[in-house]
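Let me begin by presenting the structure, written as structure tokens, before commenting on it.
Counting convention: from 1, in listed order, for ligands and their atoms alike.
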Amino acid sequence: MTQRFSFDLHATDGKARTGAISTPRGVIRTPAFMPVGTAATVKAMLPESVAATGADILLGNTYHLMLRPTAERIARLGGLHKFMNWDKPILTDSGGFQVMSLAGLRKLTEEGVTFKSHIDGSRHHLSPERSMEIQALLGSDIVMCFDECPALPADRDRIKSSMDLSMRWAQRSRDAFGDRPGHALFGIQQGGLEQDLREESAQALQAIGFDGYAVGGLAVGEGQEAMFGVLDYAPDQLPVDKPRYLMGVGKPDDIVGAVKRGIDMMDCVLPSRSGRTGQAFTRHGVVNIKNARHQDDPRPLDEACTCPACRGYSRAYLHHVFRANEMISGMLLTWHNLHYFQQIMAGMRDAISAGTFAAWEADFHALRAQG
Ligand SMILES: CNc1nc2cc3c(cc2[nH]1)N=C(N)NC3
């Protein structure tokens, strides 16, 4: 296994790309979907189950882990991989987005953000330097710059000033990250829905130089049409030879549309969070298993799915255990959803390699239209 971090492009089909990110902890096949393991666990899943779904990498969160159990405690116990028993790559988000979306009583200055924990109200501080320190203590393989995520709706001036601050913080993140062979630092493009501001952000990030580039500031309620509108140009503003990571996306059709437009990596809580609420994603669309119509249905969720939920259980059983609030309910549906999301990624990787992405995409939408 390599001691370096590198990205190799294997094939393209239109703007869609397939390749591999090599890290000391393993290879990440792209396009890749990252299950979210916010508090050192992909909820309702054992790590070996997450690996069995085909995930090559999972996501952790600086914000949550710094509050509980603290990054220092995880470091003392051998780092996040050992702590959560996952020896493949981990990407950690930097805390910028979670502070905006979760923390209370925030004070934002040029230096950083002070905030109150959403868990116990205790006071905490994040800055580019502190975020880099926390992510190094966790030992994650891919580190995200500390950025400022403006609350929406926001006018152009606010988007511009926030983007400028995030670019100054990107430089400070780069300086604080230092030289860590085998570990990667990704910059995060900001600029809202403004093409000129996104271009400015992309130029600023490339002048600093990163191992990968995220498209930030999306999947924040703008809707699929506006998001695709940005994705029609934003990936092309970023270096062609580095991974492009779209943060926080998304529903299956969001994911397909993003890969079609040149995105290589994504993460989203949707498959795991909705699995716990009884929402199953299948090739034919969404199944809300708690609906009474499934009460006597002996069929699996999806006849063609090879996951443990579909191989071993009926819709009637899944309906029952959700109605009875049994723990196995969230386990089975989370496993199914993560398995299905990885099947979408594998299907796209193969189709791009074969030059048949358009046909694969047409089939993907046709099956869902059948319902
Ligand atoms: C769920 N939507 C979503 N949009 C995001 C956007 C960002 C992010 C996380 C996100 N999640 N993390 C950052 N550090 N910056 C941008």
Would you check, one step at a time, whether the test ring-ring contact (aromatic ring centres under 6.0 Å, His included) holds for Tyr213 with Tyr245? CA-CA 6 Å; Tyr213 295 82; Tyr245 164 28; over 10 Å; no
Return yes or no for this condition: an N or O of Leu218 is under 3.5 Å from an N or O of ligand 1. yes
Check whether any heavy atom of Met247 sits under 4.0 Å from an atom of ligand 1. yes
Show which atoms of ligand 1 fall inside a sub-4.0 Å distance from at least one heavy-atom site of Ser94. 14 (N)
Give the C-alpha distance, both sets of side-chain angles, the deciding distance and a yes or no for ring-ring contact (aromatic ring centres under 6.0 Å, His included) between Tyr340 and Phe33. CA-CA 11 Å; Tyr340 173 60; Phe33 179 81; over 10 Å; no
Could you tell me the residue and atom name of the protein heavy atom closest to atom 7 (C) of ligand 1, and the distance to it rounded to 0.1 Å? Phe97 CD1, 3.7 Å
May I ask you to check if ligand 1 and Asp93 share an N or O to N or O distance below 3.5 Å? yes
Run the numbers for me: atoms of ligand 1, each under 4.0 Å from some heavy atom of Gly248, listed by number. 1 (C), 2 (N), 3 (C), 11 (N)
Lys251 with Asp254: basic N within carboxylate O range, under 4.0 Å: yes
Checking a contact table here: which protein heavy atom is nearest atom 15 (N) of ligand 1, and how many Å away? Asp147 OD2, 2.7 Å
Regarding Arg368 and Glu361, does a basic nitrogen lie under 4.0 Å from an acidic carboxylate oxygen? no
Quick note on ligand 1: atoms under 4.0 Å from a heavy atom of Cys149 include exactly 15 (N), 16 (C)
Which residue pairs satisfy the ring pair (Phe, Tyr, Trp, His ring centres under 6.0 Å) criterion with at least one member in residues 305-325, sequence neighbours excluded? Tyr313-Tyr317
Heavy atom to atom 1 (C) of ligand 1, shortest distance: which of Ala214, Ala219, Gly221, Cys268 holds it? Ala219
Could Glu110 and Arg168 be called an ion pair, given the rule that one side-chain N must be under 4.0 Å from one carboxylate O? yes
Just jot down the salt bridge (charged side-chain N to carboxylate O under 4.0 Å, His left out) partners of Asp267, sequence neighbours excluded, or say none. none
